[in-house]
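Below is one structure, written out as structure tokens; comments come after it.
A note on names: the letters A, B, ... follow the listed sequences, proteins ahead of strands, and every chain is numbered from 1.
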Amino acid sequence: MHEFSLAKEIERIVAETLAERDSKLSQVNLVVGGLSGVLPDALLSALEFISSEGPLKGAKFVIREEPAVFTCSACSAVTNPQPPIFCCMKCGSVKGELTGGTEFYIESLEVEE
Amino acid sequence: MSIKYEVMKNVLATNRLQAAHNRDFLRKRKIYTLNVMGSPGSGKTTLIEALIKELGSSGKSAVIEGDLATSLDGERISKLGVEVFQINTVGACHLNAEMIHRSLSQMDLTDTAFLFIENIGNLVCPAAYDLGEELRMALVSTPEGDDKPYKYPVLFRTADLLVVTKADLLGAVEFNIHRAEDDARKVRQDISIFQVSAMKGEGISELAKHIQSQREKMPKKFP
């Protein structure tokens, strides 16, 4: 349910990035990790809702979802565990680190100039 | 002409920066800060009250109370004679670092050793927000069911400490403590687990001792 505040933060970052540029925003490319706690569908709805006016007006939003990545320190395998299980999908060890899945960032903006 | 600008900006970067600032402010004042998370009714306020009483001899406590509406919890805690700041989010489902920053600037934190931040009752959204705390404490009450750590892994994965509350009801409700503990460790291997009944005073002194020992290990400055 916090996707609305996240959409407002995206709007703020976009406005800041495009400040003093005479360009028309056409697309926002976002990356959302499976462990970020962000629901892509809810985020899209929030973005569509707030983009009827303001800095995001008329933009398209594309979300690339990234899976959880577990790097095993027992067998060195790099696998994609499915939450709620955070372990190596090859040898089953829980010793290791989550090396991906928590990301949530604006990758790029596409504009018409 | 169509142009692509690479941005690579974390959407939560501003919150992280503010959280780092809060952490620096609190560490410099030797204030050990706990982010208390759990469902509505899991016993967050009652546990905080019990811990304030138990920790009384080792230092003063202060509380930031987060609620959607009302100052009921804040009024309850202030009866203990500690500094309380009430935040009403008016619908927002979590606290963020900026709200904590604004609260800190309005509080009297002289000689404060422990700061409890009671987050909004929610097992989803608080997971994404660093507030500048030292310890993230997640509560599961026995009537809620033993499956909560498994069903809300994103939040429990961020928790340093799992507290099973209302432990006096074990036996009266269906709650397999071993399952809850095993699941919590699958979600986060190094999570510390405590069982308490704040109403009966059980397990509170062990938990308070743990918090005290963690405070002694707190870094003196940031980072």
Side-chain angles (χ1 to χ4, degrees), chain A residues 1-14 16-18 21-39 42-43 47 63 68 70 73 81-87 92-98 101-113, chain B residues 1-18 37 66 68 89-99 119-130 146-159 179-180 182-191:
Chain A
M1 271 306 291
H2 59 299
E3 281 75 7
F4 193 82
S5 18
L6 298 173
K8 291 299 283 182
E9 183 62 13
I10 290 168
E11 180 185 60
R12 194 192 64 76
I13 296 171
V14 169
E16 193 181 271
T17 310
L18 296 181
R21 281 199 184 105
D22 186 22
S23 46
K24 189 187 172 308
L25 181 68
S26 55
Q27 187 165 313
V28 180
N29 297 310
L30 298 152
V31 178
V32 174
L35 302 176
S36 63
V38 179
L39 296 174
L43 182 62
L47 285 166
I63 297 181
F70 188 87
S73 49
Q82 293 293 318
I85 299 175
F86 300 98
C87 68
S93 170
V94 292
K95 293 204 174 5
E97 272 194 61
L98 275 177
T102 56
E103 52 279 86
F104 176 34
Y105 58 94
I106 304 177
E107 189 175 55
S108 59
L109 300 178
E110 294 177 31
V111 300
E112 298 294 328
E113 286 186 350
Chain B
M1 193 176 67
S2 185
I3 302 175
K4 195 168 181 171
Y5 286 114
E6 193 171 271
V7 180
M8 302 303 280
K9 261 195 192 152
N10 190 308
V11 179
L12 289 167
T14 308
N15 187 72
R16 284 187 189 164
L17 202 67
Q18 183 63 64
M37 302 174 288
L68 264 69
T89 60
V90 202
C93 49
H94 60 274
L95 297 178
N96 65 33
E98 173 63 27
M99 295 174 191
N119 218 314
I120 307 297
N122 181 339
L123 287 178
V124 184
C125 311
Y129 292 86
D130 181 2
D146 50 25
D147 55 0
K148 292 300 165 290
Y150 225 37
K151 286 176 82 172
Y152 297 89
V154 175
L155 185 127
F156 286 94
R157 188 159 175 95
T158 72
R179 180 187 171 185
D182 285 352
D183 286 355
R185 291 204 173 95
K186 277 183 209 153
V187 169
R188 180 162 171 175
Q189 205 192 340
D190 63 346
I191 197 164

Would the distance check show the side chain of [X] and the main-chain N or O of [Y] forming a donor-acceptor pair, the cut-off being under 3.5 Å?
X        : Y        : value
B:Asn122 : B:Cys93  : yes
B:Asp130 : B:Asn15  : no
A:Glu16  : A:Val14  : no
B:Glu98  : B:Gln18  : no
A:Ser26  : A:Glu110 : yes

Portion of [X] that has a non-hydrogen atom of chain B nearer than 4.5 angstrom:
X        : result
A:Glu11  : neither
A:Ile106 : both
A:Thr17  : side chain
A:Lys95  : both

Can you tell which part of [X] gets under 4.5 Å to a heavy atom of chain A, answering side chain, backbone, both or neither?
X        : result
B:Val7   : both
B:Tyr129 : side chain
B:Gln189 : side chain
B:Arg157 : side chain

Salt bridge flag under 4.0 Å for residues B:Asp190 and B:Arg188 = yes
Kindly write out the residues that satisfy salt bridge (charged side-chain N to carboxylate O under 4.0 Å, His left out) with A:Asp22, not counting sequence neighbours, or none if the list is empty.
-> none
Name all residues meeting the side chain to side chain donor-acceptor pair (under 3.5 Å) criterion together with B:Thr14; count only those two or more places apart in sequence or in a different chain, and write none if there are none.
-> A:Glu9, A:Arg12
Sorted by chain and residue number, the side chain to side chain donor-acceptor pair (under 3.5 Å) partners of B:Thr158 (sequence neighbours excluded) come out as B:Arg136
Of the non-hydrogen atoms in A:Cys87 and A:Gly92, which two are nearest, and what is the gap between them?
-> CB-O, 3.9 Å
Those residues of residues 28-35 of chain A, ordered by number, that approach chain B below 4.5 Å (heavy atom to heavy atom) |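 Residues A:Asn29, A:Leu35 are the ones that qualify, each having a heavy atom under 4.5 Å from chain B.
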